[in-house]
Amino acid sequence: LLDAYARAGFGAGKVLSLNFGGWRETGMAVDAGLYARRELPPLPAGKTLSHPYLHSCREKSAQHAAYTAWLREPDHWALIEHRIEGVATMPGTGLVEMVRAAFQDYRGAEQLAIDNLYFYRPLMVPAADMAEVHCDFNALPGGGYGFEVYTREAGVKAPLLAGDIYAAELAVARIDPQALAASCDGELLDFSDGRPQAVQDDSGFLSLGPRWQALREIRCGGDHLLGKLQLPEAFVGDLQQFVLHPSLLDMASGPITGHLLRRLDLDIDGEYLPFGYGRLTIAAPLPAEFLSHVCFRGLSGDRESLGF
């Protein structure tokens, strides 16, 4: 039909018809029966763990534990609302919450520290697919456990993230928020007017849903900033299920850095995505409202990585 319209030459302008194939999941070709709709794979039976990102524990001993999760896009708002180039992608912070929850089930630790956490690649879950994710812990000689989160591609282990994790007794740190705010005496960014909260170009590389609209204001200093975050009221119920709420932790440590980079004369471009935490300490669940203090630590010699 479009080819015929293009050849007919109607209208004053040039008409171009592209020879795209039919969509296999929706549209007229599917409705006409040319392609079968893909059914969402059923979740395996036997779920024994209540956390949304965990299904069951396969093995458990003093030296080793192995957990499994099956993730489908429609089941998890973190996949629905976090997309890279249009594909549902589990935020790295969601995988960190998976590790935390599995370790709490394994060792009973509510306060813990994670060292040398490194993200190898994003976990992308296309529509009508199901990702089988594994989280393994192995005891370290000096105490604590090494962990690895991975999938299997054609039978070969494909790592997603890894690091070391320890149970910890953490003292409450006393921080003066007024002194922090006073040190950030530059521009005040108020996001109550609905302005974009993530600094990015128009490529559509990253799209974020309503739970990521958590920035309320940013106070800018020279090489640091202080952000105020608040989970939208409609989603406060999420906090009953997550200690490290994925979108809150993501906004507090990831996209918020773009506002700082924009004010530093670094002469860099392109997308910089979080790929690791040197140390992450977890003393208590993230509340619905909190402050995030972000300091710029430097640009690597090859200009490939940024430190905060």
Side-chain angles (χ1 to χ4, degrees), residues 18 20-21 23-27 53 71-98 117-129 131 133 149 151 153 158-161 189 191 193-215 218 220 225 227 229 231-232 235 244-277 292 294 296-300 302-308:
L18 299 179
F20 283 130
W23 293 349
R24 294 179 177 272
E25 295 177 359
T26 189
Y53 297 163
L71 305 177
R72 307 179 304 181
E73 177 190 342
D75 300 331
H76 302 284
W77 55 259
L79 289 171
I80 296 170
E81 296 187 23
H82 186 271
R83 295 178 179 272
I84 293 178
E85 296 185 336
V87 180
T89 303
M90 176 62 76
T93 51
L95 295 176
V96 174
E97 168 64 3
M98 177 190 291
L117 189 156
Y118 186 85
F119 297 103
Y120 290 95
R121 62 184 178 91
L123 174 60
M124 307 182 85
V125 186
D129 281 2
V133 185
V149 179
T151 60
E153 308 292 340
L160 293 164
L161 73 155
L189 304 178
F191 294 95
D193 59 1
R195 74 176 69 184
Q197 298 187 10
V199 177
Q200 55 185 321
D201 58 27
D202 297 327
S203 67
F205 175 78
L206 176 67
S207 60
L208 302 173
R211 285 175 172 83
W212 268 260
Q213 310 312 305
L215 271 177
I218 289 178
C220 300
L225 59 76
L229 293 95
L231 187 64
F235 309 120
L244 299 179
H245 190 281
S247 68
L248 286 178
L249 181 57
D250 191 30
M251 287 301 293
S253 59
I256 195 173
T257 62
H259 295 279
L260 181 54
L261 290 176
R262 190 170 62 180
R263 286 160 176 78
L264 298 174
D265 186 18
L266 299 178
D267 190 27
I268 59 175
D269 54 20
E271 295 285 347
Y272 282 77
L273 297 178
F275 70 87
Y277 293 92
S292 176
V294 179
F296 179 66
R297 297 303 187 197
L299 179 64
S300 64
D302 59 8
R303 306 181 68 80
E304 291 294 322
S305 59
L306 302 161
F308 296 93

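No experiment lies behind these values; they were computed from the predicted model shown. When a residue number appears, it is its place in the shown sequence, counting from 1.
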Can you tell me how far [atom2] of [Y] sits from [atom1] of [X], rounded to the nearest 0.5 angstrom?
| X | Y | atom1 | atom2 | result |
| --- | --- | --- | --- | --- |
| Glu97 | His245 | CD | NE2 | 9.5 Å |
| Trp212 | Trp77 | CH2 | CH2 | 5.0 Å |
| Glu85 | Leu206 | CD | CG | 10.5 Å |
| Glu73 | Met124 | CD | CE | 11.5 Å |
| Leu189 | Cys220 | CG | SG | 4.5 Å |

[X] versus [Y]: any side-chain heavy-atom pair under 4.5 Å?
| X | Y | result |
| --- | --- | --- |
| Tyr53 | Pro246 | yes |
| Ile84 | Phe205 | yes |
| Tyr277 | Thr93 | yes |
| Tyr118 | Pro159 | no |

Practice problem: Could you tell me which non-hydrogen atom of Pro232 sits nearest to which non-hydrogen atom of Pro210, and how far apart they are? | Solution: CG-O, 3.7 Å

Quiz item: Between Ala252 and Leu229, what is the shortest heavy-atom contact and its length?
Solution: N-CD2, 3.8 Å

Exercise. Show your reasoning for whether side chain to side chain contact (heavy atoms under 4.5 Å, CB included) applies to Met98 and Leu71.
Key: CA-CA 12 Å; Met98 177 190 291; Leu71 305 177; 4.3 Å; yes

Quiz item: Is a side-chain N or O of Arg211 found less than 3.5 angstrom from the main chain of Leu231, in a donor-acceptor match?
Solution: no

Practice problem: Measure from the side-chain N and O atoms of His82 to the backbone N and O of Thr89, and report whether any donor-acceptor pair falls under 3.5 Å. | Solution: yes

Quiz item: With sequence neighbours excluded, what pairs up with Val125 under the side chain to side chain contact (heavy atoms under 4.5 Å, CB included) test?
Solution: Leu79, Leu123, Ala131

Exercise. State which residues pass side chain to side chain contact (heavy atoms under 4.5 Å, CB included) with Arg72; sequence neighbours excluded, sorted by chain then number.
Key: Leu40, Leu43, Pro74, Asp75, Met130

